[in-house]
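Heads up: the structure comes next, in C-alpha coordinates.
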Amino acid sequence: MEEKNKLTVLGCRGSMPCSDKACLKYGSATSCFYLQAGDTEILFDAGTGILSSTALLADAKECHLLLSHMHMDHIQGMAFWRPLFTKGKSIHVYSEKRGGMTTKEQLQNFLRPPYWPIGIDIWQADIDYRDITCGETFSIGEDVLVKTMRSHHPNTCTLYRVEWGGKSVVYALDFEHSPEASAELAAFAKECDVLIYDSTYSPESYPQKAGWGHSTWLEALKLKEAAGVKKLLLAHHEIDSTDEILDNLQKKLTELDNNVYLAREGMEITL
(Lines give C-alpha, C1' and ligand atoms only; values in the text may rest on other atoms or scores of the structure.)
Protein backbone atom coordinates (compact mmCIF):
# COMPACT_ATOMS: atom_id res chain seq x y z
CA MET A 1 0.00 0.00 0.00
CA GLU A 2 1.39 3.37 -1.00
CA GLU A 3 2.37 5.65 1.88
CA LYS A 4 0.12 8.71 1.85
CA ASN A 5 1.81 10.75 4.57
CA LYS A 6 5.18 11.81 3.28
CA LEU A 7 7.43 14.86 3.00
CA THR A 8 9.81 15.05 0.02
CA VAL A 9 12.64 17.53 -0.46
CA LEU A 10 12.60 18.92 -4.00
CA GLY A 11 14.87 21.93 -3.50
CA CYS A 12 16.86 23.09 -0.47
CA ARG A 13 19.47 25.53 -1.76
CA GLY A 14 19.22 29.15 -0.61
CA SER A 15 19.29 32.44 -2.53
CA MET A 16 20.09 31.01 -5.97
CA PRO A 17 20.62 27.67 -7.70
CA CYS A 18 24.09 26.16 -7.55
CA SER A 19 25.76 24.46 -10.52
CA ASP A 20 29.00 23.44 -8.79
CA LYS A 21 29.74 19.72 -9.21
CA ALA A 22 30.91 19.75 -5.59
CA CYS A 23 27.27 20.29 -4.56
CA LEU A 24 25.59 17.36 -6.30
CA LYS A 25 24.72 15.27 -3.23
CA TYR A 26 22.58 17.88 -1.47
CA GLY A 27 21.35 19.43 -4.69
CA SER A 28 21.33 22.66 -6.59
CA ALA A 29 17.63 23.61 -6.72
CA THR A 30 16.10 26.37 -4.63
CA SER A 31 13.36 25.98 -2.04
CA CYS A 32 10.47 23.60 -2.64
CA PHE A 33 9.07 20.81 -0.46
CA TYR A 34 6.29 18.39 -1.38
CA LEU A 35 3.89 17.18 1.30
CA GLN A 36 1.47 14.35 0.73
CA ALA A 37 -1.01 14.80 3.57
CA GLY A 38 -3.31 11.87 3.08
CA ASP A 39 -5.08 12.55 -0.22
CA THR A 40 -4.06 16.23 -0.25
CA GLU A 41 -1.11 17.39 -2.37
CA ILE A 42 0.75 20.40 -0.92
CA LEU A 43 3.85 22.28 -2.03
CA PHE A 44 5.80 24.68 0.14
CA ASP A 45 7.29 27.41 -2.10
CA ALA A 46 8.11 27.38 -5.80
CA GLY A 47 11.86 27.64 -6.20
CA THR A 48 13.51 25.70 -9.01
CA GLY A 49 12.89 22.52 -7.02
CA ILE A 50 9.22 22.70 -7.97
CA LEU A 51 10.14 21.46 -11.44
CA SER A 52 10.75 18.02 -9.89
CA SER A 53 7.14 17.91 -8.67
CA THR A 54 5.68 17.44 -12.15
CA ALA A 55 6.05 13.65 -12.05
CA LEU A 56 4.80 13.48 -8.45
CA LEU A 57 1.67 15.39 -9.43
CA ALA A 58 1.11 13.59 -12.74
CA ASP A 59 -2.12 11.93 -11.56
CA ALA A 60 -3.26 14.71 -9.23
CA LYS A 61 -6.14 16.84 -10.42
CA GLU A 62 -5.63 19.35 -7.63
CA CYS A 63 -2.71 20.73 -5.62
CA HIS A 64 -2.11 23.51 -3.10
CA LEU A 65 0.90 25.85 -3.27
CA LEU A 66 1.80 27.67 -0.06
CA LEU A 67 4.12 30.58 -0.85
CA SER A 68 6.14 31.95 2.05
CA HIS A 69 7.12 35.16 0.23
CA MET A 70 7.96 36.55 -3.19
CA HIS A 71 11.75 36.63 -3.07
CA MET A 72 13.00 35.30 -6.37
CA ASP A 73 14.55 32.08 -5.10
CA HIS A 74 11.17 31.01 -3.72
CA ILE A 75 9.09 31.60 -6.87
CA GLN A 76 11.48 31.34 -9.84
CA GLY A 77 10.40 27.78 -10.66
CA MET A 78 6.90 28.95 -11.57
CA ALA A 79 8.13 30.22 -14.92
CA PHE A 80 8.62 26.62 -16.11
CA TRP A 81 6.31 24.61 -13.84
CA ARG A 82 4.37 22.37 -16.22
CA PRO A 83 1.14 21.95 -14.18
CA LEU A 84 0.47 25.69 -14.61
CA PHE A 85 0.36 25.12 -18.37
CA THR A 86 -1.86 22.02 -18.14
CA LYS A 87 -5.59 22.20 -18.78
CA GLY A 88 -7.61 20.26 -16.25
CA LYS A 89 -5.25 20.90 -13.35
CA SER A 90 -6.65 22.82 -10.39
CA ILE A 91 -4.01 24.80 -8.52
CA HIS A 92 -4.64 26.83 -5.37
CA VAL A 93 -1.98 29.46 -4.67
CA TYR A 94 -1.83 30.94 -1.16
CA SER A 95 0.11 34.05 -0.17
CA GLU A 96 -0.19 37.37 1.63
CA LYS A 97 -0.82 40.73 0.01
CA ARG A 98 2.34 42.86 -0.25
CA GLY A 99 2.86 46.45 -1.27
CA GLY A 100 -0.85 46.84 -1.91
CA MET A 101 -0.76 43.96 -4.40
CA THR A 102 -2.76 40.75 -4.33
CA THR A 103 -1.08 37.38 -4.77
CA LYS A 104 -2.01 37.37 -8.45
CA GLU A 105 -0.70 40.90 -8.99
CA GLN A 106 2.62 40.06 -7.35
CA LEU A 107 3.12 37.12 -9.70
CA GLN A 108 2.06 39.26 -12.66
CA ASN A 109 4.80 41.75 -11.76
CA PHE A 110 7.37 38.97 -11.53
CA LEU A 111 6.53 37.29 -14.83
CA ARG A 112 6.09 40.06 -17.39
CA PRO A 113 8.10 41.91 -20.03
CA PRO A 114 10.80 43.14 -20.06
CA TYR A 115 11.88 40.71 -17.33
CA TRP A 116 10.16 37.70 -18.91
CA PRO A 117 8.71 37.32 -22.42
CA ILE A 118 5.32 35.97 -21.35
CA GLY A 119 2.86 36.73 -18.58
CA ILE A 120 0.77 34.53 -16.32
CA ASP A 121 -2.19 34.90 -18.66
CA ILE A 122 -0.69 32.09 -20.74
CA TRP A 123 -1.20 29.56 -17.94
CA GLN A 124 -3.85 27.00 -18.84
CA ALA A 125 -4.63 25.46 -15.44
CA ASP A 126 -7.59 26.49 -13.32
CA ILE A 127 -5.77 28.73 -10.82
CA ASP A 128 -7.32 29.92 -7.59
CA TYR A 129 -5.36 32.78 -6.01
CA ARG A 130 -6.05 33.08 -2.30
CA ASP A 131 -4.91 36.14 -0.37
CA ILE A 132 -4.37 35.11 3.23
CA THR A 133 -3.90 37.20 6.36
CA CYS A 134 -0.95 36.30 8.56
CA GLY A 135 -2.14 34.77 11.81
CA GLU A 136 -5.25 33.23 10.28
CA THR A 137 -6.06 29.53 10.21
CA PHE A 138 -7.73 28.01 7.17
CA SER A 139 -8.76 24.59 5.96
CA ILE A 140 -7.80 22.69 2.83
CA GLY A 141 -10.69 20.39 2.21
CA GLU A 142 -12.17 18.60 5.21
CA ASP A 143 -9.03 16.99 6.60
CA VAL A 144 -6.16 19.51 6.51
CA LEU A 145 -5.74 22.58 8.71
CA VAL A 146 -3.20 25.30 7.92
CA LYS A 147 -1.98 27.79 10.54
CA THR A 148 0.12 30.85 9.72
CA MET A 149 2.69 33.01 11.50
CA ARG A 150 4.76 36.05 10.55
CA SER A 151 8.42 35.23 9.94
CA HIS A 152 11.34 37.40 11.00
CA HIS A 153 12.51 38.13 7.46
CA PRO A 154 12.49 41.15 5.09
CA ASN A 155 9.52 41.95 2.84
CA THR A 156 6.71 40.05 4.56
CA CYS A 157 7.28 36.32 4.90
CA THR A 158 4.79 33.73 6.14
CA LEU A 159 5.47 30.54 8.08
CA TYR A 160 3.06 27.61 7.81
CA ARG A 161 1.96 24.78 10.09
CA VAL A 162 0.02 22.01 8.33
CA GLU A 163 -1.97 19.58 10.48
CA TRP A 164 -3.91 16.48 9.45
CA GLY A 165 -4.78 13.12 11.01
CA GLY A 166 -2.80 13.82 14.18
CA LYS A 167 0.32 14.76 12.16
CA SER A 168 1.99 18.14 11.67
CA VAL A 169 4.69 19.80 9.57
CA VAL A 170 5.98 23.33 10.12
CA TYR A 171 7.65 25.23 7.27
CA ALA A 172 9.97 27.94 8.62
CA LEU A 173 12.02 29.28 5.72
CA ASP A 174 13.21 32.11 5.63
CA PHE A 175 13.53 32.93 9.33
CA GLU A 176 16.06 34.84 11.44
CA HIS A 177 16.28 34.03 15.12
CA SER A 178 15.89 36.52 17.95
CA PRO A 179 14.71 35.96 21.52
CA GLU A 180 11.19 37.16 20.69
CA ALA A 181 10.88 35.57 17.23
CA SER A 182 12.33 32.25 18.36
CA ALA A 183 9.98 32.07 21.34
CA GLU A 184 7.00 32.71 19.07
CA LEU A 185 8.16 30.06 16.60
CA ALA A 186 8.74 27.55 19.42
CA ALA A 187 5.11 27.97 20.44
CA PHE A 188 3.95 27.74 16.81
CA ALA A 189 5.99 24.57 16.17
CA LYS A 190 5.27 22.92 19.51
CA GLU A 191 5.53 19.11 19.32
CA CYS A 192 5.30 19.04 15.52
CA ASP A 193 6.44 15.92 13.68
CA VAL A 194 8.81 17.80 11.36
CA LEU A 195 10.15 21.34 11.51
CA ILE A 196 11.75 22.62 8.30
CA TYR A 197 14.10 25.35 9.52
CA ASP A 198 16.49 27.88 8.01
CA SER A 199 20.15 27.11 8.71
CA THR A 200 21.78 29.22 6.02
CA TYR A 201 24.69 30.43 8.12
CA SER A 202 27.17 28.84 10.46
CA PRO A 203 27.26 30.22 14.02
CA GLU A 204 30.65 31.72 13.13
CA SER A 205 29.54 33.51 9.95
CA TYR A 206 26.19 34.73 11.26
CA PRO A 207 27.40 37.89 13.11
CA GLN A 208 28.59 39.39 9.80
CA LYS A 209 25.18 38.73 8.24
CA ALA A 210 22.83 39.57 11.08
CA GLY A 211 19.69 41.25 9.79
CA TRP A 212 19.73 39.42 6.46
CA GLY A 213 16.80 37.20 7.50
CA HIS A 214 18.38 33.79 8.08
CA SER A 215 19.49 31.56 10.94
CA THR A 216 21.99 28.85 12.00
CA TRP A 217 22.03 25.18 12.89
CA LEU A 218 22.87 26.03 16.49
CA GLU A 219 19.74 28.16 16.88
CA ALA A 220 17.80 25.34 15.24
CA LEU A 221 18.91 22.89 17.92
CA LYS A 222 17.83 25.31 20.64
CA LEU A 223 14.45 25.68 18.99
CA LYS A 224 14.00 21.92 18.60
CA GLU A 225 14.50 21.45 22.33
CA ALA A 226 12.29 24.39 23.30
CA ALA A 227 9.44 23.25 21.05
CA GLY A 228 9.72 19.50 21.58
CA VAL A 229 10.02 18.94 17.83
CA LYS A 230 10.29 15.27 16.81
CA LYS A 231 12.40 15.72 13.66
CA LEU A 232 14.35 18.78 12.53
CA LEU A 233 15.07 19.29 8.82
CA LEU A 234 17.61 22.02 8.06
CA ALA A 235 17.56 23.76 4.69
CA HIS A 236 18.35 26.89 2.64
CA HIS A 237 21.98 25.83 2.24
CA GLU A 238 24.35 28.54 1.00
CA ILE A 239 25.56 28.16 -2.58
CA ASP A 240 29.16 27.73 -1.39
CA SER A 241 28.25 24.99 1.10
CA THR A 242 29.71 21.99 -0.71
CA ASP A 243 28.85 18.34 -0.14
CA GLU A 244 32.00 18.00 1.94
CA ILE A 245 31.05 20.93 4.17
CA LEU A 246 27.51 19.64 4.61
CA ASP A 247 28.63 16.05 5.19
CA ASN A 248 30.91 17.23 7.99
CA LEU A 249 28.09 19.27 9.48
CA GLN A 250 25.69 16.33 9.27
CA LYS A 251 28.17 14.16 11.14
CA LYS A 252 28.43 16.77 13.90
CA LEU A 253 24.64 17.15 14.10
CA THR A 254 24.07 13.40 14.31
CA GLU A 255 26.47 13.20 17.24
CA LEU A 256 24.44 15.89 18.99
CA ASP A 257 20.95 14.63 18.04
CA ASN A 258 20.12 11.78 15.69
CA ASN A 259 16.78 13.37 14.79
CA VAL A 260 18.39 16.35 13.03
CA TYR A 261 18.90 16.16 9.27
CA LEU A 262 20.32 18.36 6.55
CA ALA A 263 17.85 18.46 3.66
CA ARG A 264 19.02 17.01 0.37
CA GLU A 265 17.15 16.73 -2.90
CA GLY A 266 15.12 13.54 -3.12
CA MET A 267 15.08 12.94 0.63
CA GLU A 268 11.78 11.48 1.86
CA ILE A 269 10.44 11.52 5.41
CA THR A 270 7.50 9.26 6.20
CA LEU A 271 5.08 10.73 8.72
*How would you list, by chain and number, every residue that makes a salt bridge (Lys or Arg N to Asp or Glu O under 4.0 Å) with Glu268, sequence neighbours excluded?*
Lys6
*Taking only residues two or more places apart in sequence, or in another chain, which ones meet Glu238 in a side chain to side chain contact (heavy atoms under 4.5 Å, CB included)?*
Thr200, Tyr201, Lys209, Asp240, Ser241
*Kindly say whether the aromatic ring centers of Trp123 and Phe80 come within a distance under 6.0 Å.*
no
*Who passes side chain to side chain contact (heavy atoms under 4.5 Å, CB included) against Arg82, sequence neighbours left out?*
Thr54, Thr86
_So, using salt bridge (Lys or Arg N to Asp or Glu O under 4.0 Å) as the criterion, who are the partners of Arg150 when residues are at least two apart?_
Glu96
*With sequence neighbours left out, what residues match Lys231 under salt bridge (Lys or Arg N to Asp or Glu O under 4.0 Å)?*
none
*Taking only residues two or more places apart in sequence, or in another chain, which ones meet Cys12 in a side chain to side chain contact (heavy atoms under 4.5 Å, CB included)?*
Val9, Phe33, Ala235, His237, Ala263
*Using the benzene-type ring in the case of Trp, are the ring centres of His214 and His177 under 6.0 Å apart?*
no
_Has Thr30 got a side-chain atom pairing as donor or acceptor with Asp73's backbone, closer than 3.5 angstrom?_
yes
*Does Ile122 offer a backbone N or O that forms a donor-acceptor pair with the side chain of Gln124 under 3.5 Å?*
yes
Only pairs under 3.5 Å count here: list side-chain donor-acceptor contacts from residues 183-197, not counting sequence neighbours, and write none if there are none.
unit_1	atom_1	unit_2	atom_2	d
Asp193	OD2	Ser168	N	2.8
Tyr197	OH	Ser215	OG	2.6

_With sequence neighbours excluded, residues passing side chain to side chain donor-acceptor pair (under 3.5 Å) with Asp143_ = none
*asked:* Among residues at least two apart in sequence or on other chains, which ones pass side chain to side chain donor-acceptor pair (under 3.5 Å) with Lys25?
replied: Asp247
*What residues form a side chain to side chain contact (heavy atoms under 4.5 Å, CB included) with Glu244, not counting sequence neighbours?*
Thr242, Asn248
*asked:* Checking His152 now: which residues fulfil ring pair (Phe, Tyr, Trp, His ring centres under 6.0 Å) with it, not counting sequence neighbours?
replied: none
_Short side-chain to backbone donor-acceptor contact, Glu41 and His64, under 3.5 Å_ = no
*Using modelled atom types only, decide if a donor and an acceptor are shared between the side chain of Lys89 and the backbone of Ile127 within a distance under 3.5 Å.*
no
*Would you say the side-chain atoms of Thr103 pair up with the backbone N or O of Tyr129, donor to acceptor, closer than 3.5 Å?*
no
_N/O donor-acceptor pair under 3.5 Å between Asn259 side chain and Leu232 backbone_ = no
*asked:* Parallel, tilted or perpendicular: which one describes the rings of His92 and Tyr94, with boundaries at 30° and 60°?
replied: tilted
*I would like to know whether Val260 and Lys224 meet side-chain contact (heavy atoms from CB on, under 4.5 Å); could you show each step before the answer?*
CA-CA 9 Å; Val260 179; Lys224 179 179 183 292; 3.9 Å; yes
*Given side chains that start at C-beta, do those of Tyr261 and Leu234 come closer than 4.5 Å, heavy atoms only?*
no
_Test: salt bridge (Lys or Arg N to Asp or Glu O under 4.0 Å). Region: residues 108-129. Which pairs qualify, not counting sequence neighbours?_
Asp128-Arg130
